[in-house]
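Working notes for the structure below.
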Amino acid sequence: MTINPNTAEAYKLFHDGILALGRAEQQGMRIDLDYVGEAKEKLTKRILKIEHDLHQTSFFKHWQHISKGKPNIGSPLQLANFLYNVKNITPQKYIDKEKKKPSSDDEALKLLQLPELDMILSIRKLKKARDTYLEAFEREQVKGYLHPFFNLHTVSTYRSSSDSPNFQNIPKRDKEVMKLVRDAIYPRPGHQLMAVDFSKLEVCIAVAYHHDPTMLKYLRSPSSDMHGDMAAQIFKIDDFNKHLPEHKLLRNAAKNSFVFPQFYGDYYQNNAIGLCRWIELPHTAWKTGQGVQLPGGKYISNHLKEQGINSFDGFCTHLQEIESDFWKRRFKVYGKWKEKVQAEYLVNGYVDSYTGFRFKGEMNKKEIINYPVQGAAFHCLLWCFIQLDKFFAEKGWKTRLIGQIHDEVVLDVAPEELLKVSKIVKRITTVDLPRAFKWINVPLSVAADLGPVDGSWASLEEYPLP
DNA sequence: GGAACTCGCCAC
DNA sequence: AAACGTGGCGAGTTCC
């Protein structure tokens, strides 16, 4: 590997970076304190209602009886003790690999299919929204503005972190909680919020290191579809069509439970568990008429049985073959690169990133591969963040950067500047960045979401950049 | 009464 | 042979 660490360059990136991030911290983001107060109150009422209903159940009364006092539904330990020791329910999931500690997390409780546990899960979800987010917003705000910190000195991959409050883990996937929490955050009066994120940035950065020809082809040809190809292979589908909703689910399953975990260093057995969750098949022998349905209504269990996969164990064996094919044939050069970098680390005691950072100290195989990719991917974002900050200052624009989430920038946009902001964002991220970082070897693309004037962070919608 | 830990859960 | 990368944070818990 021919990498020239340039520590002066790395230093400059972080020096300029922390100044730009500091300006974003100072700028802050408006929060609606009245909304936060009302939302907290409503959540508390909902929580009390569910708790009240829970208290009427014989399940809870039993728990109360054996715990000499008030059972603490917020204690996973007490809940596990009641479920698995007192009620003697067979655990469906464990925290530890030795299967000594039964789990009481979301998935474990859902598997037990008890209505009382679903009530506890609802309470957990609402408390999380209220206490971790809304409560923290209220506590951390200064004169109606939040000023999350963005750190460059805390993360072993040379990524960033954020705290007080953490701006990088605000709910997004659960639509209900997303709206509840993000409705607290607003642009400055008369402005609008915009978020711009890189598409599959870490994959694009990884390919700059390993130069795998198959991966290069996937990333350079817009019509190709890596996740679709993997879905077709994993689920043995000949006529895969990513526009069919049933196939879209299989594609998401392949993407989120095979491809990405494999890139992070996971292996086929965990993949099998994750994939079965998506297609709703059990960890046992499969019967006909089980799981999700394919286009035309055929059950996936029937389809897989026809293909010779009759059980979870059979599926594991199948995935083991796919994993081997994945690294030894499909992405052979990528696989070889992993081995080479790991071997070089054992000799040198360090590994370097393209952005001039050196990773030293004890690292396991997965960390050796992941750190330079994860770090450099973030450095692409940080470089763009710095350029944008500089640009807005030089031009005297009113638009400001207010935050960053690893591969995404968040802007507080003055509506009259929207068009020119969009253009410069697109230019810096897709044209200037690859020119500055010559090692980037595939086109980078960004996607934007935009909120209405005075609209909350929950109201962002897709916005095609001009 | 606080430090340090576990567990669970939110993001990329 | 073994087996998911990086964080922050709240509540419960244990230890000093």
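All chains are named by letter (A, B, ...) in the order of the sequence lines, taking the proteins before the strands, and each is independently numbered beginning at 1.
Side-chain contact between A/P91 and A/K99: absent, with no pair of heavy atoms (C-beta onward) separated by less than 4.5 Å.
The phosphate of C/dG12 (OP1 or OP2) has a side-chain N or O of A/N72 nearer than 4.0 angstrom. Contact annotation: A/T132 does not reach the phosphate of C/dG10 (side-chain N/O to OP1 or OP2, under 4.0 Å).
Comparing B/dG8, C/dC9, C/dT6 by their closest approach to the side chain of A/P76 singles out B/dG8. The side chain of A/K172 lies closest to B/dA11 when the candidates are C/dG8, B/dC9, B/dA11. Listed candidates were C/dC4, B/dC9, C/dT13. Nearest to the side chain of A/K366 is C/dC4. Comparing atom distances between the A/R124 side chain and each of B/dC9, C/dC9, C/dT13 picks out B/dC9 as nearest. Here the side chain of A/H406 is nearest to one of B/dC12, C/dG5, B/dC10, namely B/dC12. Of the candidate nucleotides C/dG8, C/dA3, C/dC4, C/dC4 has the atom nearest to the side chain of A/P261. Each of C/dG8, C/dC9, C/dA1 was ranked by its minimum atom distance to the side chain of A/T154; first place goes to C/dG8. Comparing atom distances between the A/Y268 side chain and each of B/dG8, C/dT6, C/dA3 picks out C/dA3 as nearest. For A/L77, the listed nucleotide lying nearest its side chain is B/dC7; candidates were B/dC7, B/dC9, C/dG8. Relative to the side chain of A/P171, the nucleotides C/dC4, C/dT13, B/dC10 differ in distance, and B/dC10 lies closest.
The CG atom of A/D105 sits 13 Å away from the C1' atom of B/dT6 (whole-angstrom rounding).
Distance alone, capped at 3.5 Å, places no donor-acceptor pair between the A/S324 side chain and the A/Q320 backbone.
With respect to A/F60, the ring pair (Phe, Tyr, Trp, His ring centres under 6.0 Å) criterion is satisfied by exactly one of A/H52, A/H65, A/H55: A/H55.
Classification of the A/F82-A/H62 ring pair by plane angle, with boundaries at 30° and 60°, yields perpendicular.
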